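This chain uses plain numbering: 1 for the first residue, then up along the sequence. No experiment lies behind these values; they were computed from the predicted model shown.
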Amino acid sequence: MLGTMIVVGALSFFQFRSALQSEIAGNLRFGATAMMQRIDTFLFAHVENMRVWRGLEVMQDIRVKDVDKRLSNFLANLRAGQDTVYDVLLCTDAQGHVVAASDPSYIGSEAPRLSEWRTVPGQGLDTISLALASRSGATSAIVLRSPIANAFGEGTIGYLYAFLDWRAVQDLLDNAVNHGTRSLVLAGSDGRVLGASDDLRHRTELSRLHLEGWRLPRAGSASYIQDGAALGHGDLLVGAATSSGSPPFEGLGWHVLMIEPTSVSFGPIWTLLWAMLGVLLVVLLTGLWISSRVADRIASPIVALTAFTRGFRQGESSLPAMPSRATAEVDELHRAYMEMIQALEQSREQIVRAGKLAVVGEMAAIMAHEVRTPMGILRSAAQLLQRQADLDDRQRELIGFIFSETERLNRLVTLLLECARPNPPDFMSHDLLEIVDSVIGLLESRAERAGVSLSRQSDGGDIVLRCDREQMMQVFLNLILNALSFVGEGGHIRVSTHSDEDALWVSVADDGPGVPPELRQRIFDPFFSRREGGVGLGLTIVQQIVHAHGGTLSVGESAWGGASFNLRFPHQEPET
């Protein structure tokens, strides 16, 4: 009996450890990839600034040495408008003398002399160069340089320099981990450490650190366990991602590593192991002391848990009931098992959802290549048949069926493609109320034909959101159409908007049958539909768009007792 318990516990422990490691490694990879994308976006935004600024007419004042200080004032205004991102903006003549600067103290000095200038990779970016400036051995700024073409002749009249404060990159790293148990490291393409989050900057001298022996992926992301002695740690669980750029910017080949000590990652597992060993010891001592009196109270729940563990490995998912006569130790063991099973179930649901999205991607790829071509042929053939003058009504009806069914298949392919490869949002500031009114205007006649009251309610004032207008219209179209499919004649649909201190809220509520609580977690899964003939991708696409805009989407019960889809968008910093 003891041997069985030890074997089952060990198997459960190692399976749980493997599952937890896989889950945490995936989170680390995702975090590193997201951070790398933010850094790429940050760099590309300022490379784009350089492309725009160098072509402005005021840059031609370099030819006259900026005698009226118009160019210097312009550079000072540019720097002020970018908050504290830029240390300084400089313009030099062709000989390298500073003729204009956002800081007057630089005027008359020589152009910065930096080593290791590299061309920014990407279509149309080959004239912009980048280098890293150092102070006291540590990176202090990212320097961008672009030639200024002579607008009145040929050649180059000078150069525009932009010094990006390295603290802006450090702030990105610090904010991503927010002083938690995880840390971030930014390394160059050669493995030299360029920067790190706050905890590592105070723990380790980064200026001479090189990640030799660390597996830095050439592309994409990876995760692994690494000796962290170089960073002042023991073993580390690492998620690494490599720069993929932000088209047309092709990235600098930098790497971001999100790390977490294994002592933190696997701490709960070791706690559970010691708890299990403690419970086992208590059971043994108690069994030796009064085995005849407590055998049943101890053996019964242990046998049940053992049987459940074996059954769970074979696919049984029903949780065992808590024995009414169990001891405190067994009760604790039971709760620990329940927490473990719930964590595994959540991991399983995430894997299933990811698998469904992968299926969507495969189906979309196949249908896009293999279905649309024959659909186009069928439609063209039907158009030729429709032109025949001697067709009777039945034949025309059959041709109409061809048109309607090919159109339905085309919509299905489009829906799959949107779900599998969603377009990145084009963020601009829009009045959210105007978007909602536009969608209501599009669907008002359809609601009237169905005998449904469609209205909007707002707490007053403008609600401005940085978003992709077309994608947000798709969100509200899908939600209102979904409500129309469940609300009967005489029903009501209301779109409510309001703002509080933390976020913008939008609610699409109806008085239909509502969504049962047990289905509210599954309703956003791909291919899950409660409507006959539904594909089950509409709400999945809605959730993807909302998440891409930094928001959250949940479903609850409306004031009428029907369904209420609630969107929350955190307040955004105003554009500068």
Side-chain angles (χ1 to χ4, degrees), residues 349 353 356 411 415 418-419 431-461 463 465 467 471-500 502-570:
E349 290 174 1
R353 180 172 293 183
K356 289 182 178 179
R411 287 196 302 270
L415 191 63
E418 289 177 354
C419 185
D431 185 350
L432 196 59
L433 298 180
E434 184 273 330
I435 295 176
V436 172
D437 287 338
S438 298
V439 174
I440 290 177
L442 290 173
L443 299 177
E444 198 167 26
S445 60
R446 179 169 179 169
E448 289 177 357
R449 289 195 303 271
V452 175
S453 172
L454 179 58
S455 61
R456 176 176 70 79
Q457 181 181 10
S458 173
D459 58 1
I463 297 183
L465 178 68
C467 63
Q471 291 189 4
M472 291 309 299
M473 287 192 67
Q474 184 180 2
V475 166
F476 295 123
L477 278 169
N478 282 358
L479 291 178
I480 295 175
L481 287 172
N482 184 69
L484 282 171
S485 65
F486 287 98
V487 174
E489 185 175 357
H492 299 80
I493 299 174
R494 182 172 62 208
V495 183
S496 305
T497 58
H498 74 276
S499 176
D500 58 24
D502 300 321
L504 305 178
W505 294 85
V506 185
S507 173
V508 180
D510 60 56
D511 59 355
V515 181
E518 62 271 14
L519 297 181
R520 291 175 186 174
Q521 292 297 324
R522 298 179 54 205
I523 197 168
F524 300 108
D525 288 349
F527 303 117
F528 180 84
S529 176
R530 298 190 303 141
R531 178 164 48 90
E532 184 176 356
V535 179
L537 292 177
L539 291 179
T540 301
I541 294 174
V542 168
Q543 187 182 57
Q544 286 179 336
I545 294 175
V546 172
H547 286 176
H549 284 73
T552 58
L553 174 63
S554 62
V555 60
E557 184 174 335
S558 70
W560 295 311
S564 175
F565 288 86
N566 306 306
L567 292 82
R568 179 185 183 276
F569 298 99

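- The two residues P513 and F486 have their closest heavy-atom pair at CD-O, 3.5 Å.
- Summarising the geometry of G488 relative to V452, their closest heavy-atom pair is O-CG2, 3.6 Å, with the distance given to 0.1 Å.
- With sequence neighbours excluded, the residues that form a side-chain contact (heavy atoms from CB on, under 4.5 Å) with A503 are D500, W505, R568.
- Scanning all heavy atoms of the two residues, the minimum distance from G551 to P570 falls at CA-CD, 4.4 Å.
- In this structure, the side chain to side chain donor-acceptor pair (under 3.5 Å) partners of R456, at least two apart in sequence or on a different chain, are D437.
- Taking CZ of F476 as the reference point, atom CG of L432 lies at 4.5 Å (rounded to 0.5 Å).
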Could you walk me through whether V546 and F569 satisfy the side chain to side chain contact (heavy atoms under 4.5 Å, CB included) test, starting with their C-alpha distance in whole Å, then the side-chain angles of each, then the deciding distance to 0.1 Å, before giving a yes or no?
CA-CA 8 Å; V546 172; F569 298 99; 4.2 Å; yes
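- The structure places OG of S485 at 12.0 Å from CD1 of I480, a figure rounded to the nearest 0.5 Å.
- Minimum heavy-atom separation, A447 to L454: CB-CB, 4.0 Å.
- Annotation: salt bridge (Lys or Arg N to Asp or Glu O under 4.0 Å) contacts involving residues 440-451, sequence neighbours excluded, are absent.
- Take D502 and apply the side chain to side chain donor-acceptor pair (under 3.5 Å) test, not counting sequence neighbours, and it matches no residue.
- Of all heavy-atom pairs between W560 and A509, the closest is CZ3-O, 3.7 Å.
- The side chain to side chain donor-acceptor pair (under 3.5 Å) search around S564 returns S507, N566, not counting sequence neighbours.
- S438 pairs by the side-chain contact (heavy atoms from CB on, under 4.5 Å) definition with E434, R469, M473, not counting sequence neighbours.
- To the nearest 0.5 Å, atom CD of residue Q544 and atom NE2 of residue H547 are 9.5 Å apart.
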What donor-acceptor contacts under 3.5 angstrom involve side-chain atoms of residues 490-498, with partners at least two apart or in another chain?
residue : atom : partner : partner atom : Å
H492    : ND1  : D511    : OD2          : 3.2
R494    : NE   : Q457    : OE1          : 3.3
T497    : OG1  : S458    : OG           : 3.4

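- For H549, there are no side chain to side chain donor-acceptor pair (under 3.5 Å) partners, not counting sequence neighbours.
- Evaluated for a side chain to side chain contact (heavy atoms under 4.5 Å, CB included) with L479, the options N482, L477, V475, L481 yield exactly one hit, V475.
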